[in-house]
Amino acid sequence: MNKLNNDIQKKNILEILNKFKTGIGLLILVIVLSFMSPYFLTIPNILNIIRQVSIIAIVSFGMTMVILTGGIDLSVGSMLAFSGAISAGMMVNSGLNVFLAIFIGLAAGTALGFFNGLAVAKAKLPAFIVTLAMMTIARGFTLIYTNGRPISGFNETFRFFGAGYLGRIPIPVVIMFMFLVIIYILLKKTPFGRYIYAIGGNETATKLSGINTEKIKVAVYALNGFLAAVSGIILTSRLNSAQPMSGEGYELDAIAAVVLGGTSLSGGSGTVIGTIVGALIIAVLNNGLNLLNVSSFYQLVAKGAVILLAVFLDRKSQQQ
Amino acid sequence: MNKLNNDIQKKNILEILNKFKTGIGLLILVIVLSFMSPYFLTIPNILNIIRQVSIIAIVSFGMTMVILTGGIDLSVGSMLAFSGAISAGMMVNSGLNVFLAIFIGLAAGTALGFFNGLAVAKAKLPAFIVTLAMMTIARGFTLIYTNGRPISGFNETFRFFGAGYLGRIPIPVVIMFMFLVIIYILLKKTPFGRYIYAIGGNETATKLSGINTEKIKVAVYALNGFLAAVSGIILTSRLNSAQPMSGEGYELDAIAAVVLGGTSLSGGSGTVIGTIVGALIIAVLNNGLNLLNVSSFYQLVAKGAVILLAVFLDRKSQQQ
Amino acid sequence: MAKETVLEMKNITKTFPGVKALDKVDFSLKKGEVHALVGENGAGKSTLMKVLNGIHPRDEGKIILKGEPVEFENTKEAQKAGLAIIHQELELIPYLNVAENIFLGREDRNGIFINYQKLYQKTEEVLDMLGVDIDPKAQIKDLNIGSQQMVEIAKAVSQNADILVMDEPTSSLTNQEIDILFELIARLKEQEIAIVYISHRLEEVFEICDRVTVLRDGQFVGEVETSNTNEDQLIKMMVGRTIEDRFPEMNFNPTDEILKIENLTVPDEINSASFSLKKGEILGIAGLMGSGRTELAKAIFGVFKEKSGDIYYRGKKIEIKSPADAINNGIYYLSENRKEEGLVLGLSVANNISVSVLKSMLKANTFIDSNAENNLARKYIEDLKIKTPSEKQLVKNLSGGNQQKVVISKLLSTKPEVVIFDEPTRGIDVGAKREIYNLMQELIDDGVAVILISSELPEVLNLSNRIIVMHEKKIMGELDAAEADQEAVMKLATGRRNQ
Amino acid sequence: QDLRIGLAVSTLNNPFFVDLKEGAESMAEEMGVEILVVDAQDDAAAQLSSVEDLLIKQIDVLIVNPVDGNAVVSAITAANDAGVPVITVDRGAEGGEVVSHIASDNVAGGEMAGDFIAEQLNEEGKVVELEGIPGTSAARDRGKGFNQAMDKYEGMEVIARQPAGFDRAEGMTVMENILQGNPEIDAVFAHNDNMALGAMEAIAAAGRSDEIMIVGFDAIDDAVAAVNAGDLAATIAQKPALMGEMAVETAVKVANGEEVDEYTPVPLELITE
Ligand SMILES: Nc1ncnc2c1ncn2[C@@H]1O[C@H](COP(=O)(O)OP(=O)(O)OP(=O)(O)O)[C@@H](O)[C@H]1O
Ligand SMILES: Nc1ncnc2c1ncn2[C@@H]1O[C@H](COP(=O)(O)OP(=O)(O)OP(=O)(O)O)[C@@H](O)[C@H]1O
Ligand SMILES: [Mg+2]
Ligand SMILES: [Mg+2]
């Protein structure tokens, strides 16, 4: 009787594990770290990690969609910085109302993304080059706009988006979950989402089915710009300062989260749930290395090795 | 009569232009710059540009092969730094003979590339993640080996590779041309090269044709590590110092050169001649912006815009 | 029974770089008729239909649909005007499921969401109508090529178009499925839908079509009523000469055993298969779609990592760990799926043909001898009559049938001793088919051993000297081809053993 | 006369060097000389290339702010060969002919910060060090000076030493993580103000501002404001604008054949409330 129960439980656990295959690397990482540091598996630290992950996660959601279409976006970090700077400048220098300033910041990010989309979808230029160019251009814009100096001095309302709480839950986490759900539904349940997969799977076939693939792609890049802008505003609020160089290197982190999460760089398959797992792997790793006080040079080696191991475990468990 | 001659000439020029379509962006850039700066089209400056381009070009040659197979390598910058540091350390700290030290540096880079290849080809892990991990790991190794400090104090023999001349031609340029020719022939004329294209075009079909695709891929990544090492040693010699942080961000420059040169990121088509043109576009642009004394923030904007324009012109001229 | 004409194409001309694919072609279609479009590989059939559907712009000519001249910029406009097309090369999305693929771009919505309930329900309906058992929720990538073909058909049928173009819909189907399709076509006809039917199987043309238009080398050759013509006459129109019999009289000369398979098992794919193969014979493998014929072939060819059982080659036990091992031993497998597994579409004809033998044509032991490479390609272009402007043409620009010939050339270039043909005549025209059969004869005359997997039962029955039949990943039995008939094979294929 | 001065800056993505550049530019304008600025974006090889580009334009004097002291030697030698005198600012060069070096001492600055913390804590306490990008000279020198100071005091202990990339967001994240694992922290020293300000946000959000004192480096505007508001305990001022001004002044002197000092120290200043 007991054995049977055991068997059933075992089977259930295996099934659950199977369903969340992408998470197995993360799971093992969490288990190992909780043995290594007594601080790791505590509620404050867990909240801390998900707050830290939220900014890169929001960027990664947009990146997931771009990569699903078979594209790439290297300009997310610069778009993030630009939007943050614009919002900050509108408030501090131009004295605009917080919400109007945020709106303008979001519009700025969306516009840059929209331009990426036009160049990729309409002018048929390679996404890598287009967004690499946008990466420098938007960074240039940001440096020009800020004259290379941080902008700070925000009011409390603005601070809320990055530093506020809803009960015990930090606002950035709330915003991240909101977008996670929205984009999950968008991808799974709406025609727009299905077309994104279709384009990445076989663009010609999608076009032959009468779908305006160009429009979809432009929308995806614009949405990606929008999400980068959301992150930029949260980061600015959280840091209490718009940094002209913020978001540098985020493109690689975001792409890494997407790919770690099981999305193929050639497009067509992957999920946003995988992406959040990927982003968590990176964040947990950074947190763990800090908690264990690993010295800086060895941190690099450890980080690379663990990422390699995580993706290795994931892919092996998926092959079974 | 004269008109006929004119017509023939016109046709010839058009045909030549047509053959070097990838170069049209570069050509226009050169023409514009030579009108804008009197210093631009002078022999010393031209030599200056090709010497500047040589290091990133050698890295880009390896990257071309990797991308042709449908892969990517983000670790080139770190492999470059590691090889440079190892060679320098072998000479300065371990007192080895120059050539032995160089040999060990080259072997180190090749070994790292070989490891990338194994993880991608045999363990079937995504190249993006594998080489991203290698990027941090190799950087960590470099910092550990150098203890975060530059290594310097080389003898004249070693200095020759980066700072020497063959007649008026700088040695790095000579080395670059040598590899350009070798890799051009490798890709165009040997089975190995043909298999690289075939794998990028359709890996399954290539495998079913009896080709050991795994072996080819491992070799390509190893070769890429080797070429990064060559660059690392030239750079170390040229700077007269092995910098632990050198080569940072080179991965994007190298990939940009490859893609600007017309190679598709999904693999299967492209040439190493295109890549050198791509690398030249970036180098000429940097040189031109410095000569024109464009201020640094505006330089970013100008650089992005010109790259976008160059790739736009290229693709348009190819569509005709 | 003079029906009204719904579509007229006049003087259609279309050139690709170096190829005049269509040269002043006329075509007309009446309501409720099934109109066959036949011609050799590369005659321009697919191109004509692509021009009709707005996929390729035409250089010249007029298209008059229901009395109105039309100008479609893209497929969406063609769809709106009531045209649907089943593409020769499957155009499906690998990671979307069957239902999503069928209704891609035409989903029922529930507000902003896809109404999945309705989507699956409608998919069930279409699939039921086609009489196939495919799970609407299955991902395309997990379906075999035959099922994918049925999905492609369902996709076109579900558009309720007035004009339905079928570009070789049966090339990957088994007899049963073909019967189902023909019943469907009969029903569509009753609904006054006009159908353009492209096929290289002339018996099908006589079974279901009312009229036939023949193209040759991009030119219109003629239009005839099926009732007023016969196969020989059609073939003559297509190829400009007569071909006596569909199948040659095969001469087998089985000698030594060359290959012996014992208890070959691949988890989930093949269940303990054993058989042997002699030099100079053709062993046919028959079975229904999904019975595991392809997997058996691939298992021998070293595609699967996990497998058990023994393979003996010339009496010696060998290990085949990869296709490279197989090819080095003289075994070659021709895939049923040329697009995914056979060709590097972005490389030239010459480069594709030579890829397996590149190492044997080197100059100075290092460099590819491009003269030798081009000569090799030109030899096969001539031998197999591959229609291409030159050996330097990219394979992706060839017509489907000619692509198939390129894969066959690649195989022949290795001078194999055991050849596994998996659906070798898929999409190949009558003349070329006959050439391939002749080629098989030549192969066995040279002492080569041939395994032939084909969903065209007559092919298996007429060309093999022995037949093994598979059912659900197992070998059900072996038949002597001389005595076997369709019925005996089908009995085994559906899992009933002969008493 | 038509003097043309080249200024090769290590990076302009950092307000410190922006100040330096602006100091140089305003002085150049004042003295009526032309100044050409190139930016190496912290890449030693890019610096060499951009110096070569400057030499093509026949500058009269080269002011270089090295990305790295060793790697810059090639650039300096190239200038020497072209007969162009070289002045280094902020970081020194390990070779080549340099007529004048204008800088403050980063090692001394790190030590100054360490001494200040020890003094404030009565020579007893637990300290966190936020390191700059591993391998950069600023991270090396400031860390070296700071740890020299820490070693002097028995009661001072560095309990965590973590890299945070000279970046404000990373400074915050890393500090958040360190706060999780260390219930007792008395002070934080960051290799630059950006990281210090990021750490300050993290510490404030954790409600531990009262227990932990923070010391930064560079005295950027935000940091000085934070010091004045009592949020930062101190920052070390290096006066980058002054450095830029002095460099141009010296360059003009060199061009006019006047004598200049081989080393002009720019004094460091500990900025407290
Ligand atoms: N995109 C293209 N570019 C260049 N040539 C093409 C292209 N598409 C088709 N062709 C050429 O046009 C001719 C007609 O091709 P088409 O595909 O219409 O033949 P088909 O009659 O359908 O042949 P099959 O029976 O083999 O399918 C062929 O010579 C083919 O090589
Ligand atoms: N990736 C996959 N996942 C699940 N099932 C699969 C997958 N690939 C193939 N199958 C199934 O395996 C079976 C074997 O298919 P396959 O078409 O290769 O067999 P076959 O006997 O060669 O049939 P055919 O007549 O098409 O040549 C089919 O039922 C197919 O649906
Ligand atoms: Mg066709
Ligand atoms: Mg099959």
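Every heavy atom of this structure was used, including side-chain atoms; hydrogens, water molecules and symmetry mates were not. Here is the naming used below: chain letters follow the sequence lines, and residue numbers restart at 1 for every chain.
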Select all residues of residues 196-204 of chain A having any heavy atom within less than 4.5 Å of some heavy atom of chain B, and report them by number, or 'none'.
->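 None at all.
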Where on B:L74 is there a heavy atom nearer than 4.5 Å to chain A: the side chain, the backbone, both, or neither?
->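 Only the side chain of B:L74 comes within 4.5 Å of chain A.
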Would you mind checking which part of B:I144 comes under 4.5 Å of any heavy atom in chain A, side chain (CB onward), backbone (N, CA, C, O), both or neither?
->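 Backbone plus side chain of B:I144, per the 4.5 Å heavy-atom cut-off to chain A.
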Identify the heavy atoms of A:L308 and B:A133 that sit nearest to each other, and give their distance.
->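 Looking at all heavy atoms of both residues, the shortest contact is CD1-CB, 3.8 Å.
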Looking only at heavy atoms, what is the nearest atom pair of B:V59 and B:A254, with distance?
->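 Between these two residues, the closest heavy atoms are CG1-CB, 3.9 Å.
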Check against side-chain contact (heavy atoms from CB on, under 4.5 Å), A:I72 and A:L265 | CA-CA 8 Å; A:I72 192 119; A:L265 264 186; 4.1 Å; yes
Contacts of A:E248 that satisfy side chain to side chain donor-acceptor pair (under 3.5 Å) - sequence neighbours left out =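 A:E248 satisfies side chain to side chain donor-acceptor pair (under 3.5 Å) with no residue once adjacent residues are dropped.
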Toward chain B, the part of A:M135 with a non-hydrogen atom under 4.5 Å |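 For A:M135, the contact with chain B is made by the side chain alone.
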Under 4.5 Å from a heavy atom of chain B, the part of A:L252 involved =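 Both backbone and side chain.
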Do A:T206 and A:T213 have side-chain atoms, one donor and one acceptor, less than 3.5 Å apart?
->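 Side chains of A:T206 and A:T213: no pair found under 3.5 Å.
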May I ask you to decide if A:K122's main-chain N or O and A:E214's side chain share a donor-acceptor pair within less than 3.5 Å?
->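 Between the backbone of A:K122 and the side chain of A:E214 there is no qualifying donor-acceptor contact (under 3.5 Å).
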Kindly say whether A:S78 contributes a backbone atom to a donor-acceptor pair with the side chain of A:S75 at under 3.5 angstrom?
->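 No, A:S75 side chain to A:S78 backbone: no donor-acceptor pair under 3.5 Å.
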Take A:L29 and A:L280 through the side-chain contact (heavy atoms from CB on, under 4.5 Å) test and state the conclusion after the steps.
-> CA-CA 10 Å; A:L29 189 60; A:L280 277 169; over 6 Å; no
May I ask you to name which of B:G140, B:S296, B:S266 has the most heavy-atom pairs under 4.5 Å with chain A?
->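 Among the listed options, the one with the most contacts to chain A is B:G140.
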Pick from B:I307, B:L125, B:T142: which one has the most heavy-atom pairs with chain A under 4.5 Å?
->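 Of the options given, most contacts go to B:L125.
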Using a cut-off of under 4.5 Å on heavy-atom pairs, state which of A:V259, A:V311, A:V306, A:I137 scores highest against chain B.
->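 If we count pairs closer than 4.5 Å to chain B, A:I137 comes out on top.
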side-chain contact (heavy atoms from CB on, under 4.5 Å) between B:L118 and B:F114: does it pass, once the steps are laid out?
-> CA-CA 6 Å; B:L118 285 185; B:F114 184 75; 3.7 Å; yes
